[in-house]
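Chain identifiers are assigned alphabetically (A, B, ...) following the order of the sequence lines, protein sequences preceding nucleic acid strands; residue numbering begins at 1 within each chain.
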Number of protein chains: 2
Amino acid sequence: MRGRPRSERAEKAIVDATLDMIGEGVTVSELSIEAVATRAGVGKTTIYRRWSNKEDLVVDSLATLRLPMPEPGGTDVRADLIMFLEVMRSESGELRNRCVTNIAMNEADRFPDLYRRFRELVIEPRREAFRQVLRRGVAAGELRADLDVEVAMLMLTGAMISQTKMSGPAHRVPEDLPTRLVDEALRGFRQR
Amino acid sequence: MRGRPRSERAEKAIVDATLDMIGEGVTVSELSIEAVATRAGVGKTTIYRRWSNKEDLVVDSLATLRLPMPEPGGTDVRADLIMFLEVMRSESGELRNRCVTNIAMNEADRFPDLYRRFRELVIEPRREAFRQVLRRGVAAGELRADLDVEVAMLMLTGAMISQTKMSGPAHRVPEDLPTRLVDEALRGFRQR
DNA sequence: TCGATACGAAACGCAATCGTATCGAAAGTT
DNA sequence: AACTTTCGATACGATTGCGTTTCGTATCGA
């Protein structure tokens, strides 16, 4: 291949700018190529040479997100559940990781293809890992045999997600929320 | 007062158009006065005569939402909790009522004033009612004396909200989800 | 009936963003 | 050294929406 090769640095700067803006809460509709170019310190040409439109840019950018999947210990259900929620909590504090929730919650209706790819790539693997922790807990007799695993997962993750979204990027999710959530869920609300 | 009075019908049409569009998932940023005017069958003048900008229009429109607050029976905590979640579930099926979640989840970061007013007007009263149900349950000895009311509320409502957002406007939230959520929460996950 | 105000429609100038084109300079290959 | 491609910058016409103004008509109170 002849000619000047494409700049790796420019490409990374574009993707970084895109992810940062989405993390800040800019919707896909609002995200302007011009803003991305400016923020990345790059000409618009350089973006359009690589991606033909905004959605492609967003999809490819999100695909570069490599969120480390926590590895559950497998012996203590309580500890594993807290660990998963703690990952959600700490990630919510970093701008970049807010992409995940922002895309999942805000863009599902309007960009179904984007949402579907993102769901398969990021969300479902995590849900499955979480599900396995609960299943192991049931199998080990640590959790009720008739526990509704899907509902249990929804209660814990839904609480974290709602809290994250409601509190906004400025506020922090309380450090002890994962522990408190898991303990309340394990004990049950009812007096005995 | 002299002169032609302002048209009640036009005003209602404008507010309805605004709420419908928000319910459909149009963000406040995307919501254009021109689109509202067209949809309401009204001139832009008629809108600007009443509201000086988009945010005012949205705030006032949301303020007209009179979401019937369920009246808890006060005797059976389980029944009251299920009733609250059931209201959330059934409302999520109607376009108009999706305004509540759409605004609360998507616009908090970008329109903090709007979010604050909306929170005081719509969200907090409901949260408080929900909180009271749990408090009464504790006082009556039906729930654990050391129950973390805030965490309990977060688990139940967060689960409903997440499920609603994740499933999108097309899908329906399962009818039995409120019951399953409340029963799991009351029992606790742990084997005894 | 008359004067005041609201009505819907249309046009205004302004700003943002779109996707494309053009530029000279830079950075590679052959 | 010659050639090719990308670089960032800049300008382009098109489109959209803003908030304002103007228009002739409609609808009220006095």
Check: A:K54 side chain, A:S29 main-chain N or O, donor-acceptor pair, under 3.5 Å
yes

Check whether B:R50 reaches the backbone of B:T46 with its side chain - one donor and one acceptor, N or O, closer than 3.5 Å.
yes

Determine whether [X] and [Y] make a side-chain contact, defined as any pair of heavy atoms from C-beta on separated by less than 4.5 Å.
| X | Y | answer |
| --- | --- | --- |
| B:E91 | B:L67 | yes |
| B:V133 | B:M83 | no |
| A:L81 | A:L134 | yes |

For nucleotides 24-28 of chain C, print each protein N/O atom paired with a nucleotide N/O atom at under 3.5 Å, atom names and distance only.
from   : atom 1 : to   : atom 2 : distance (Å)
C:dA26 : N3     : A:R4 : NH1    : 3.1
C:dA27 : O4'    : A:R4 : NE     : 3.4

Kindly determine whether A:R131 and A:E150 satisfy salt bridge (charged side-chain N to carboxylate O under 4.0 Å, His left out), including the steps that lead there.
CA-CA 8 Å; A:R131 197 178 282 120; A:E150 296 303 317; 2.7 Å; yes

To the nearest Å, give me how far apart [atom1] ([X]) and [atom2] ([N]) are.
| X | N | atom1 | atom2 | answer |
| --- | --- | --- | --- | --- |
| B:N53 | D:dT20 | CG | C1' | 15 Å |
| A:R49 | D:dT4 | CZ | P | 17 Å |
| A:I47 | C:dC18 | CD1 | C1' | 13 Å |

Sequence neighbours excluded, every pair satisfying ring pair (Phe, Tyr, Trp, His ring centres under 6.0 Å) that has a member inside residues 49-95 of chain B:
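Ring pair (Phe, Tyr, Trp, His ring centres under 6.0 Å) check on residues 49-95 of chain B returns B:F84-B:F130.
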
Residue pairs, two or more places apart or on separate chains, that pass ring pair (Phe, Tyr, Trp, His ring centres under 6.0 Å) and touch residues 4-26 of chain B:
none

Could you check B:E34 against B:K44 for salt bridge (charged side-chain N to carboxylate O under 4.0 Å, His left out), going step by step and ending with a plain yes or no?
CA-CA 7 Å; B:E34 315 227 345; B:K44 280 201 293 177; 2.8 Å; yes

Pairing pattern in dot-bracket form [Watson-Crick, G-U; both distances under 3.5 Å; | = partner strand] for DNA chain D:
||||||||||||||||||||||||||||||

Less than 4.0 angstrom from a charged side-chain N to a carboxylate O is my criterion; do A:R144 and B:E184 meet it?
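Yes, this pair counts.
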
Between [X] and [N], does any side-chain N or O lie under 4.0 Å from OP1 or OP2?
| X | N | value |
| --- | --- | --- |
| A:T46 | D:dG8 | yes |
| B:R6 | D:dA26 | no |
| A:R50 | D:dC7 | yes |

For nucleotides 15-18 of chain D, give me every protein contact, N/O to N/O, under 3.5 Å, one pair per line with atom names.
from   : atom 1 : to    : atom 2 : distance (Å)
D:dC18 : OP1    : B:I33 : N      : 2.8
D:dC18 : OP2    : B:I33 : N      : 3.0
D:dC18 : OP2    : B:E34 : N      : 3.1

Could I get the full list of side chain to side chain contact (heavy atoms under 4.5 Å, CB included) partners for B:R180, not counting sequence neighbours?
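Counting only residues at least two positions away or on another chain, B:R180 forms a side chain to side chain contact (heavy atoms under 4.5 Å, CB included) with A:D148, A:V151, B:D176.
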
Please work out if A:T45 contacts a base, only the sugar-phosphate, or nothing of the nucleic acid, heavy-atom cut-off 4.0 Å.
base

